Structure formats: structure tokens, C-alpha cells
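Note that the structure is predicted; figures quoted are calculated from it, not measured. We count ligands from 1, going down the list as the structure has it; atoms in each ligand are counted the same way.
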Amino acid sequence: MKAVVLAGGFGTRLRPLSCTRPKLLFPICNKPLLDWTLERLAKSGTNEVVLAVNYMAETITQHYGDSTHGMRLFHSREEKPLGTAGPIKKAEELIGHEEPFLVLNGDILTDFDYSKLMKKHTEKRATATIALRRVKDPSRYGIAELTEKNRVIRFVEKPPREKAPSNLANAGIYVLEPEIFDYIPNGRPVSIERDVFPKLANERKLYGYDFEGLWTDIGKPEDYLKANKLLFDAQIKKSQVGKSVRVKSGVEIKDSTVIGDRVFIGEKSKVGPYATIGERTILGKKVHVQNSIIFPGVVISNFTSIKGAIIGEEAAIGSHVKIGDGCMIGDHAVIRDNVVLSQGVTVCPSRKVSENVLTPRCLM
Ligand code: GTP
């Protein structure tokens, strides 16, 4: 099986953390999202993967090289962003015309067995087959209306809630026939959701299947935190502690916690549940980290509490600090002693913060 992974988006909704790394390299339980995806592709029987890259292409290309998990990797690099269909056309030569292939939105975390979708696709002789998920809020997704035989009659991108034809959402996982290349113009941005799927639905060539199990995208900060949580619940229930971790007396490490290599945890600190601590991080005395993601190399001083937040690489957090729900602290930022960032506060990389911020705001 061949697969294309769309890996070139800017990840604007995850700024400022996406200013310094592509979204697909964001760690989920201390491993880049793209590693989880590549692992799953290998398990589903994929042997060749095209990574369609644009934003911070070099970082992805250098990180993965030309093979991983027994699969060959090809990097299809865009000069300018081509949207969600343009990169497929650009990779036409690499994909070839021999067989149907898989396309994945790279910002999805799932435990889906991709080979099942391939099987369904070949049974129906469709041009394209979409994996679908039942969702609560259809207005955030591309929504499909199906016949009893799973043919998509209508595909509408982000319909208003009251006009949604169903709650079956595009899961960002497709199987496409090489015929698809004729539907995508060359060299310009094209959206598969807006320009290609509605046309295929009109021509009765689009099918869809819903599935259950682990699935979420990491588009927004709350989705990113949720992805970590879902993975803990599905796969990593007990805590995992890396190599050369030093833990002082009275420390409580709760379930659903992943602690990277060479972390130091000071006396009477509490870590978890749902905490990911990146490698080389230092936690002082009586620190409390819960439902949060701490990137590598962060220093968190004594008596500080971090709940529901994301802390960027090598940030320095002072003592007696409180950081609350939905806060995102950029790489190398400095939060001084006694500061309270109560909710939804975003701090840009390398910014120093000395004052309390009690309402959602971006500190540039
Ligand atoms: P936002 O800017 O926050 O909307 O994120 P995004 O740029 O990643 O956009 P979106 O979430 O809609 O992208 C869905 C998937 O398509 C992600 O895996 C992106 O990496 C990928 N993607 C989006 N635009 C492009 C593009 O122009 N080129 C390539 N190769 N991939 C893209």
C-alpha cells in the first residue's frame, strides 16, 4: 500500500508553538504525532509513504530521512502551499497510476486500521472512499450524506449546524484511485473538501464508511490536550518513566503520566494525571503539574502549579506561579516568580512576563 501524508500546513491555530516547529512534530505523550501515524501506517501494511511538506519542510525532511518502520519515505516539497488536494497532484509521479492509494491529513491521531478502508474501497470500485466519524458539532467539519449502500450523495464543507445533512464528518483519511489526478489542476492551491469531493459526489463516485475508536485532530490547543488525554486513556493507562529520571522524596506520580529521560522532580511534587513531561525538564519542590504538556528542557521552580496548559521548549517558569486552563507558553519564554496566568493566555517565544494576566490574551 502507498500513502500520502499531508504535512505542510502552517498550524496557525497552534501559534506560538507552531512558530518554531511544524504541527506534525508536536509531541503526543512524548513522541511526535507523525511517529504515531507512521507506526500505524506500517502496521496497516503500507510500504511507501510520500510526506507532502511545505511549512518548515526541512525540519520534517531531516527528522525522518528516507526510511522508517520498514517503509520507504519520499518527501514531496511544495514551493508554495497547495492546500489539501494540490499536494496530491504534485506527488502524482511518486504515487504512480498502478493502484489506489491512501491519503491522510497529518494532524490526526487515530488507531484506525487503514487497510480496512482500502478493502471497502476496492469492494465498491469507487473513485474515492472517505473514512467518516460521527461528531457532535458538524459545523467544524466536512459532512457527508450517505445512501444505505454507503454512496455519498452530498458532501458539504463546514455547514451551519442547522443545515448539516448528517453528523458524519470527514475523518481526514481517504483512499483515492489514480483517476483522481484528472480532478486536480496542476500547480495551484486546491481544496479536496471544497473542490473535489462535492464533484465526485455529484458523479456518484464517492463512498464513505463510519468507524469508531480513537480519533481526534490537533488543530486547536484544546484538541491537542485532548489528543494526549485520549491516548492515555486508550493506550498508556499506567505512568511511564524514562531513563535517568531523578525523583526526590514524597513525590507523587499519578497514573496517565509520561515522564521523559533525564527529568528531575523535586521533593513533594505531584505529577499527573494526564501530564506529559518532556526530557531534561526540571521540576522544583512542591510543584504540581496536571492535565498539561511540558515540552523538553523546561524549568519549573518551587511551589508552582500548572493545570490544563502547554509549556514550550526551554521555557523558565518561576516559583509560586499559577498557570491555568488553555494557556500556551512559547519556547524560551520566562514567567517570573508569583505570576498568575489564569486562563487562555498565550505567551510568545522568548517573552518575559512579570505581571498577572487574568483574562484570555496574547502577550507578544
Ligand atoms: P491551521 O493553520 O491552524 O488551520 O492548520 P493547518 O495549516 O495545518 O490547516 P488544516 O488543519 O486545515 O490542515 C489539515 C491537514 O492538511 C494538516 O495535516 C496540514 O499539515 C495539511 N495541509 C494544509 N495545508 C497544506 C498545504 O498547503 N500543503 C500540504 N502539503 N499540506 C497541507
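The protein atom (non-hydrogen) at minimum distance from atom 16 (O) of ligand 1 is Leu6 CB, 3.8 Å. For atom 7 (O) of ligand 1, the nearest non-hydrogen atom of the protein is Phe10 N, 2.9 Å. For atom 32 (C) of ligand 1, the closest non-hydrogen atom on the protein side is Gly9 N, 3.5 Å. For atom 31 (N) of ligand 1, the closest heavy atom belonging to the protein is Gly8 N, 3.0 Å.
Every atom of ligand 1 with a heavy atom of Gly106 under 4.0 Å away is listed here by number and element: 18 (O). Short contacts between ligand 1 and Ala7, defined as distances under 4.0 Å to a heavy atom of the residue, involve ligand atoms 20 (O), 31 (N). In the vicinity of Pro81, heavy-atom distances shorter than 4.0 Å reach the ligand 1 atoms 27 (O). Close approach of ligand 1 to Lys23 (heavy-atom distance below 4.0 Å) involves ligand atoms 5 (O), 6 (P), 8 (O), 11 (O). Atoms of ligand 1 lying under 4.0 Å from any heavy atom of Arg13, numbered from 1 in the order shown and given with element: 1 (P), 3 (O), 4 (O), 5 (O), 11 (O). Near Pro87, the atoms of ligand 1 lying under 4.0 angstrom from a non-hydrogen atom of the residue are 28 (N), 29 (C), 30 (N).
Val190 is not listed as a side-chain neighbour of Leu82, based on a closest heavy-atom distance of 4.5 Å or more. Counting heavy atoms from C-beta on, the side chains of Arg15 and Met328 never come closer than 4.5 Å.
Proximity of atom 12 (O) of ligand 1 to the protein is not indicated, since no non-hydrogen protein atom lies closer than 4.0 angstrom.
A cation-pi arrangement is absent between Arg40 and Tyr114 under the rule of less than 6.0 angstrom and at most 45 degrees off the ring axis.
Aromatic rings from His121 and Tyr174 are positioned such that their centres are separated by 6.0 Å or more. If you look at Phe101 and Phe181, their ring centroids are closer than 6.0 Å.
Environment of CG in Asp182: crowded, with over 12 heavy atoms of neighbouring residues, nucleotides or ligands closer than 6.0 Å.
Nearest heavy-atom pair, Pro22 versus Ile60, reported as atom, atom and distance to 0.1 Å: CG-CG1, 3.7 Å. Taking all atoms of both residues into account, the shortest heavy-atom contact from Val289 to Leu283 is CG2-CD1, 4.3 Å.
Below 3.5 Å of separation, one finds an N or O of Thr12 facing an N or O of ligand 1. Of the polar atoms of Leu14, none of the N or O atoms is found under 3.5 Å from an N or O of ligand 1, judged by distance alone. Below 3.5 Å of separation, one finds no N or O of Leu24 facing any N or O of ligand 1. Taking only nitrogen or oxygen atoms, main chain and side chain alike, Glu78 reaches within less than 3.5 Å of ligand 1.
Between Arg280 and Glu314 a salt bridge is recorded (basic side-chain N to carboxylate O distance below 4.0 Å). Ion pairing between a basic and an acidic side chain is recognised when a charged N comes within 4.0 Å of a carboxylate O; Asp210 and Arg134 show such pairing.
Taking only non-hydrogen atoms, the option from Gly83, Pro189, Gly11 nearest to atom 27 (O) of ligand 1 is Gly83.
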